[in-house]
Peer 1: 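Right, I'll just put the structure down here and ask away after.
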Amino acid sequence: MVADCTAIPLGGESIDKVIAADFLEHLAESIYVRTLRESRRVLRGGGRLNVYCPCPTHLFERLKARNIILKRDETHVGMRTMQELLGTLRDEGFEPERTEFMPTHLPVYK
């Protein structure tokens, strides 16, 4: 199914999991909040929202933002820190169970 993330064509409380992997950082603030609300609407009680996104304070993201390594990703219009993500998730009625910050997967930079 391909759908607008702010108007998912499913009934309320109809699915168990929403996965937003490498997605939310591409959304401007107003669409981001509407997407979380829509995710909440379609999730059943006890359903889960899994989020994975880059953090603007991560070393690689800082370097990319300055075009030092790789190239700045112009589609990353909504980079948010973990605290910003958690705050909005709580504001939208989610109860975060687990958070994780991975400094890097490359041993030389750990």
Peer 1: Compare every heavy atom of Asp73 with every heavy atom of His26, then report the nearest pair and how far apart it is.
Peer 2: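 Reported closest heavy-atom pair: CE1-OD2, 4.2 Å.
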Peer 1: Checking the side chain of Arg40 only, and the main-chain atoms of Gly93 only, is there a donor and an acceptor separated by less than 3.5 Å?
Peer 2: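 The answer is yes, because a donor-acceptor pair under 3.5 Å joins these two groups.
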Peer 1: Return yes if some donor-acceptor pair links the side-chain N/O of Arg80 with the main-chain N/O of Leu24 below 3.5 Å, else return no.
Peer 2: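 Checked: pair present.
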Peer 1: Should Leu49 and Met1 be regarded as members of a common hydrophobic cluster, given that ILVMFWY residues are connected when their side-chain heavy atoms come within less than 4.5 Å of each other, either directly or indirectly?
Peer 2: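 Hydrophobic grouping puts Leu49 with Met1.
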Peer 1: State plainly whether one hydrophobic cluster holds both Ile68 and Leu59, where clusters connect Ile, Leu, Val, Met, Phe, Trp and Tyr through side-chain heavy atoms under 4.5 angstrom apart.
Peer 2: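 Per the 4.5 Å side-chain linkage, Ile68 and Leu59 are co-clustered.
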Peer 1: Angle between ring planes, Phe101 versus His58, binned at 30° and 60°: parallel, tilted or perpendicular?
Peer 2: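 Plane angle between 30° and 60°, so tilted.
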Peer 1: Counting only heavy atoms not in Glu95 (residues, nucleotides, ligands), do more than 12 fall under 6.0 Å from its CD?
Peer 2: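 Result for CD/Glu95: open.
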Peer 1: Are Glu38 and Cys5 close enough that some pair of their side-chain heavy atoms sits under 4.5 Å apart?
Peer 2: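 Side-chain contact under 4.5 Å: no.
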Peer 1: According to a hydrophobic-cluster definition based on side-chain heavy atoms being under 4.5 Å apart (Ile, Leu, Val, Met, Phe, Trp, Tyr only), do Leu89 and Leu27 belong together?
Peer 2: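 Yes, one cluster joins them.
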Peer 1: When you compare the side chain of Tyr32 with that of Thr6, does any pair of heavy atoms fall below 4.5 Å?
Peer 2: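 No; the side chains remain at least 4.5 Å from each other.
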Peer 1: Would you mind listing every salt bridge (charged side-chain N to carboxylate O under 4.0 Å, His left out) that reaches into residues 1-27, with sequence neighbours excluded?
Peer 2: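 Only Asp16-Arg44 qualify under salt bridge (charged side-chain N to carboxylate O under 4.0 Å, His left out).
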Peer 1: Are Phe23 and Leu36 linked, directly or through intermediate hydrophobic residues, by side-chain heavy-atom contacts shorter than 4.5 Å (ILVMFWY only)?
Peer 2: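 Both belong to a single hydrophobic cluster.
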Peer 1: So do His76 and Pro54 actually touch side chain to side chain, heavy atoms under 4.5 Å?
Peer 2: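 Counting from C-beta outward, Pro54 and His76 do come under 4.5 Å.
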Peer 1: State, yes or no, whether a side-chain contact exists between Met82 and Glu100 at a heavy-atom distance under 4.5 Å.
Peer 2: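 Result no, sub-4.5 Å side-chain heavy-atom pair not found.
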Peer 1: Using side chain to side chain contact (heavy atoms under 4.5 Å, CB included) as the criterion, list what pairs up with Ile15, not counting sequence neighbours.
Peer 2: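 Testing Ile15 for side chain to side chain contact (heavy atoms under 4.5 Å, CB included), a comparison that skips the adjacent residues, returns Leu10, Val18, Val42, Leu43.
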Peer 1: May I ask you to check whether over 12 heavy atoms, not counting those of Arg48, lie within 6.0 Å of atom CZ?
Peer 2: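 Open.
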Peer 1: What's the shortest heavy-atom distance between Cys55 and Thr81, and which atoms?
Peer 2: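 Here Cys55 and Thr81 meet closest at SG-CA, 4.2 Å.
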Peer 1: Mind checking side chain to side chain contact (heavy atoms under 4.5 Å, CB included) for Val33 and listing every partner two or more places apart, or none if nothing turns up?
Peer 2: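 If we apply the side chain to side chain contact (heavy atoms under 4.5 Å, CB included) test to Val33, skipping adjacent residues, the hits are Glu29, Arg37, Thr88, Glu92.
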Peer 1: Between atom OG of Ser39 and atom CZ of Arg34, what is the distance when rounded to the nearest 0.5 Å?
Peer 2: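 Answer rounded to 0.5 Å: 12.5 Å.
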Peer 1: Is it the case that one hydrophobic cluster holds both Phe94 and Ile31, taking links as side-chain heavy atoms less than 4.5 Å apart, direct or via other members?
Peer 2: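 Yes; tracing contacts between hydrophobic side chains, which count when under 4.5 Å, links both residues.
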Peer 1: Please check if the side chain of Arg72 supplies one atom and the backbone of Lys64 the other of a donor-acceptor pair under 3.5 Å.
Peer 2: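 Side chain of Arg72 to backbone of Lys64: no pair is present.
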Peer 1: Between Arg66 (side chain only) and Glu61 (backbone N and O only), is there a donor and an acceptor less than 3.5 Å apart?
Peer 2: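 Not at all, since once roles are kept as given, no pair shorter than 3.5 Å links the two residues.
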